Amino acid sequence: MMQEEVNEATSVLSVYGHTIKVTEVLQDGDTLTFIIVSQKLSGTGEYHVDRTYEDFEWLQQHLYAQEYVPGLQGVIFPPLPVRPQVNASAKVMKQLGFLGLGEWQPYCKALETFLRQVAAHSILRKNKTVEVFLTSTDPPGRQKLRRNIFNRLSQAVEELRKEGHKDVDEFFHTERDHNLVLTGHTRIAAEKFLDVVLTEQKIAVACGHFAAALHICVENGEDPEKKAFSRVCVKLSEVFDSIKKNMTSIAVNDMNTLGLGLDLDSRYLEAEKEMLFRRTCKLVELENAKKNAERAKPVKKNAMEEVKKAAEVEFEQICKVAKQEIVQLNRERVEMLQKNLIQWCEQQLQTAKEGADAYNQHLQAFIAMA
Amino acid sequence: MAETARDPPPDRTDFHEVEDGEDLFLEPSATQESEPASLSAVDISTNSNGPKQDSFFDDDNEDLFAEATEEVSLDSPERDVLLSDGPSPAITPITPPTSVITPRIGNTHDDMFTHSSFDEVEEEEGGDSFDIHLSVSDPEKIGDGMNAYMAYKVTTKTSMSLFKQRDFSVKRRFSDFLGLHSKLASKYLHIGYIVPPAPEKSIVGMTKVKVGKEDQSSNEFVEKRRSALERYLMRTVKHPVLLKDPDVLQFLESSELPRAVNTQALSSAGILRMVNKAADAVNKMTIKMNESDAWFEEKQQHFENLDVQLKKLHASVESLVCHRKELSVNTAQFAKSAAMLGNSEDHTALSRALSQLAEVEEKIDQLHQDQANADLYLFSELLGDYVRLISAVKGVFDQRMKTWQKWQDSQMLLQKKREAEAKLQLTNKPDKLQQAKDEIKELEGKVQQGERDFEQISKTIRKEVSRFEKERVKDFKMIIVKYLESLVQTQQQLIKYWEAFLPEAKAIS
């Protein structure tokens, strides 16, 4: 039932894509359930649905497996974050990166971005599964689809040889090189930034410990010197609570702005890489088809020519879509990074000002302490 | 030193009044065990020119100290208000000798032979208020290889008449500081003065310096040590009694200092360990002292607790410093990766913004380093100092226990001798009887001295503890204010950086 509906070529999305929100995440044992809210186009209210990660995968697989969409392989598919894990192992935490922090808040944000990107994509949004995913109260079918060529993991090792295959087009040749460099650097920058944020969190925790330890030093008694020392300890404890608050704020700012930005950028560049690889594979296919057509014995010639023509058409369509996608991605990347950098800077500036105020108050209080 | 109330001294002493600055004591004698009971495990060179409580009555040293003079002043009533006098420990009361001493308020024992001459110094010195500024600076490596050492310049600026000049400096090496501490410890610890401990030896740290490793960590080590030496000296001279000690004056003033030998034994931590070990041995040996002076019981417990708390705090700060350093490293690495990213970006404005980002992060990295240093030098070192100081405080409490024990031992011995004498009365051995009577007389003196020593050390400790607690509050406040100032400064610098970066971020696209 669901399968047939899914294969309908087009559909109209009945929600405002930019209003999609992942508002909550519910944890039941090891299962995480995400609540997704979107505003109806008709203006009559909202859709509330609950989805698990499997549902997201279902959506993604269907988007990959669409038929009769020309140039689909030229699409840079919005990247879905890796599977979340409750009480994640170290390996999974490393994979998750920023998305593993902050009690799944960044993760929800990443899912939200995924859905918004899908809903905004001119080709992808037309797929019925998107509508079903966002609006159907029943969970979409959770059976796994047949594997498809879009699943990178299933690509045979020999396919990877094609990655370095020389290109026929200057534009794509440049873009492939550029993407390779950029992907590497962005991934490293994201990793290093994550290290920074994790250390900031450690410092916040250490400040909390110190503040708590100071309270233990408070002494009871009427002795004026004891009282004076106790006062000093209590005040100093407050200072370190302030420092903890400040550090926590810095870490949260880092996470929510630049952290998420670098994470998304990194995953999108990977998605572009995969698209470029698909195109390269098609290029190889085309070149093989051309060779076969040339070398074909008269008996087979016509058939080979047909194959060649089909491959040419397909390749052209892919290139057309790919070019559009690349131009759009490059534009959107810059916009996204800019937005994140500005937000990051503004939030850190705000936090720094609040910190300066707080510390100054403490300083005055200490100086005033007779 | 003008004293207000002074009664005639007890019979046995002859002493003369001394003027301020006059050399009170004999020149230092040859190396000599100061007191049989204390510090016997450590062979420390002793100067005899320090106030020795039992110099007049201790048989062993009678010859040496016959001419040593001491200021004997007696407590004037107003001093005693500071010291809350509880009942003394439960012991057999002894009839005091005929010494006329002003009774302390509420004190059951009247024979207060105090030599608290220096106690009054702080309050009574006419115009000579505490005015010294010390600095330890210019660490300079002398020599090469494993014999190399660091020489530090010790500069004193003062208006106090105690010193020959107003502004002078000398060169000292680390073992000189240790030597000073060991001398002071041997003179003052056993009578209840809290002698500030000298900085710790560090074989690893020094080896790096000797070997000539010029890197971040060895520079940090030298700076840490320089700072620690400065704090040590300041604490020492702030102590009104220690300041006047000739060894201290010699240390600060004289251009040549006899090389402190056997530095192995001179590590102050080592000295304290010895002192505490000896004290522990004493405790385990005989009956626990029946502490009926609530003040001491409470204070002892208090310092035990404080010791634990300070160590926790210290560990906490060390962990914080560690994380700060880590943050600095990580920020620097991120800055590099951001720079590389900026270089590989096509979009000009984005590329520039990312390069700016890299620069901002580098600057922030520098701030983190400075902040880590602030955490380190200020809190970590302060707490480390206090952990060591508490050791010294516990040491004097233990010395009091030992003093009490000595007193008790004399008493028990006296008891035995009296019993023996009673038996001898029944026999006809006039020689032995006379000998017994002589011994008893001697012992009675010892017992009295023991009690006086105990009272004195108790009194000194009370004063010292009060001083310690005052200084502690001052110390902490000062450090905290410094730290907060650096925090505020860091924040303001951060604000500047972010404000500079914002237009760059906005200029993209």
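Lettering of chains follows the sequences in order, A, B, ..., and the numbering in each one begins at 1. Just the heavy atoms: all of them, side chains too, but no hydrogens, waters or symmetry mates, feed the values below. All values reported here derive from a predicted model rather than from experimental measurement.
- Between Phe229(A) atom CZ and Glu469(B) atom CD the span is 9.5 Å, to the nearest 0.5 Å.
- Remark: Phe476(B) CZ to Cys217(A) SG distance equals 7.5 Å, nearest 0.5 Å.
- Neither the backbone nor the side chain of Cys233(A) comes within contact range of chain B; no heavy atoms are under 4.5 Å apart.
- Under the 4.5 Å side-chain criterion, counting only non-hydrogen atoms from C-beta, Asp195(A) is not in contact with Phe334(B).
- When Ile243(A), Ile342(A), Val205(A), Ile188(A) are compared by the number of non-hydrogen pairs under 4.5 Å with chain B, Ile342(A) comes out ahead.
- More than 12 non-hydrogen atoms from other residues, nucleotides or ligands lie less than 6.0 angstrom from NZ of Lys226(A).
- Of the atoms belonging to Glu504(B), not a single heavy atom falls under 4.5 Å from chain A.
- Using cut-offs of 30° and 60° on the angle between ring planes, the pair Tyr483(B) and Phe240(A) is parallel.
- Put simply, of Gln492(B), Glu499(B), Lys336(B), the one with the most heavy-atom pairs under 4.5 Å next to chain A is Glu499(B).
- Atom CD1 in Ile367(A) sits 8.5 Å away from atom CG in Leu484(B) (nearest 0.5 Å).
- Between Lys482(B) atom NZ and Phe366(A) atom CZ the span is 14.5 Å, to the nearest 0.5 Å.
- A donor-acceptor contact shorter than 3.5 Å links the side chain of Gln309(B) to the backbone of Ile216(A).
- Ranking Asn340(A), Leu214(A), Asp357(A) against chain B, the residue ahead of the rest is Leu214(A), based on heavy-atom pairs under 4.5 Å.
- Within the 4.5 angstrom heavy-atom criterion, only side-chain atoms of Ile480(B), from C-beta onward, approach chain A.
- Between atom CG of residue Asn330(A) and atom CG of residue Asp346(B) there is a gap of 7.5 Å, rounded to the nearest 0.5 Å.
- Closest approach of Ser344(B) and His185(A) over heavy atoms only: OG-ND1, 3.1 Å.
- Counting heavy atoms from C-beta outward, Glu345(B) and Arg333(A) have side chains that approach closer than 4.5 Å.
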Could you walk me through whether Leu341(B) and Leu262(A) pass the side chain to side chain contact (heavy atoms under 4.5 Å, CB included) check? CA-CA 11 Å; Leu341(B) 188 57; Leu262(A) 286 172; 4.3 Å; yes

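- Ser316(B) and His209(A) are not linked by any side-chain donor-acceptor pair at a separation below 3.5 angstrom, with hydrogens and angles left out of the test.
- In terms of heavy-atom pairs under 4.5 angstrom with chain A, the leader among Leu494(B), Leu487(B), Val473(B), Val329(B) is Leu487(B).
- Heavy-atom pairs under 4.5 Å with chain A peak, among Lys312(B), Met340(B), Glu298(B), at Met340(B).
- Leu349(A) is not listed as a side-chain neighbour of Phe501(B), based on a closest heavy-atom distance of 4.5 Å or more.
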For the pair Asn330(B) and Lys192(A), evaluate side chain to side chain contact (heavy atoms under 4.5 Å, CB included) and give the outcome as yes or no after the intermediate values. CA-CA 7 Å; Asn330(B) 288 344; Lys192(A) 296 297 174 195; over 6 Å; no

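- Scanning all heavy atoms of the two residues, the minimum distance from Asp223(A) to Lys299(B) falls at OD2-NZ, 4.5 Å.
- Residues Thr351(A) and Trp498(B) fail the side-chain proximity criterion, which asks for heavy atoms closer than 4.5 Å.
- Using a 4.5 Å cut-off between heavy atoms, Leu194(A) does not touch chain B at all.
- For the set His362(A), Glu346(A), His178(A), the count of heavy-atom pairs under 4.5 angstrom toward chain B peaks at His178(A).
- Residue contact with chain A, scored on non-hydrogen atoms closer than 4.5 Å, involves the side chain of Leu383(B) exclusively.
- At a 4.5 Å heavy-atom cutoff, the contact between Val196(A) and chain B is made by backbone and side-chain atoms alike.
- By the 4.0 Å N-to-carboxylate-O rule, Glu326(B) lies close enough to Lys202(A) to be salt-bridged with it.
- When Thr331(B), Val488(B), Leu327(B), Leu357(B) are compared by the number of non-hydrogen pairs under 4.5 Å with chain A, Leu327(B) comes out ahead.
- Residue with the most contacts toward chain B among Ala356(A), Cys207(A), Gly184(A), Pro224(A): Ala356(A) (heavy-atom pairs, distance under 4.5 Å).
- Proximity of Ile495(B) to Lys353(A): side-chain heavy atoms (C-beta onward) are separated by under 4.5 Å at one or more points.
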Please walk me through it: do Gln491(B) and Tyr359(A) pass side chain to side chain contact (heavy atoms under 4.5 Å, CB included)? CA-CA 9 Å; Gln491(B) 287 301 116; Tyr359(A) 299 151; 3.4 Å; yes

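- With values rounded to the nearest 0.5 angstrom, His347(B) atom NE2 is found 8.5 Å from Gln338(A) atom CD.
- With a 4.5 angstrom heavy-atom cutoff, Asn246(A) touches chain B only via side-chain atoms.
- Neither the backbone nor the side chain of Asn305(B) comes within less than 4.5 Å of any heavy atom in chain A.
- When every heavy atom of Ala206(A) is checked against every heavy atom of Ser319(B), the shortest pair comes out as CB-OG, 4.1 Å.
- Counting heavy-atom neighbours within 6.0 Å of Gln489(B) CD, excluding the residue itself, gives a total of 12 or less.
- Closest approach of Thr199(A) to His323(B), counting heavy atoms only: CG2-O, 3.4 Å.
- Side-chain contact check for Glu485(B) versus Leu363(A): some heavy-atom pair is nearer than 4.5 Å.
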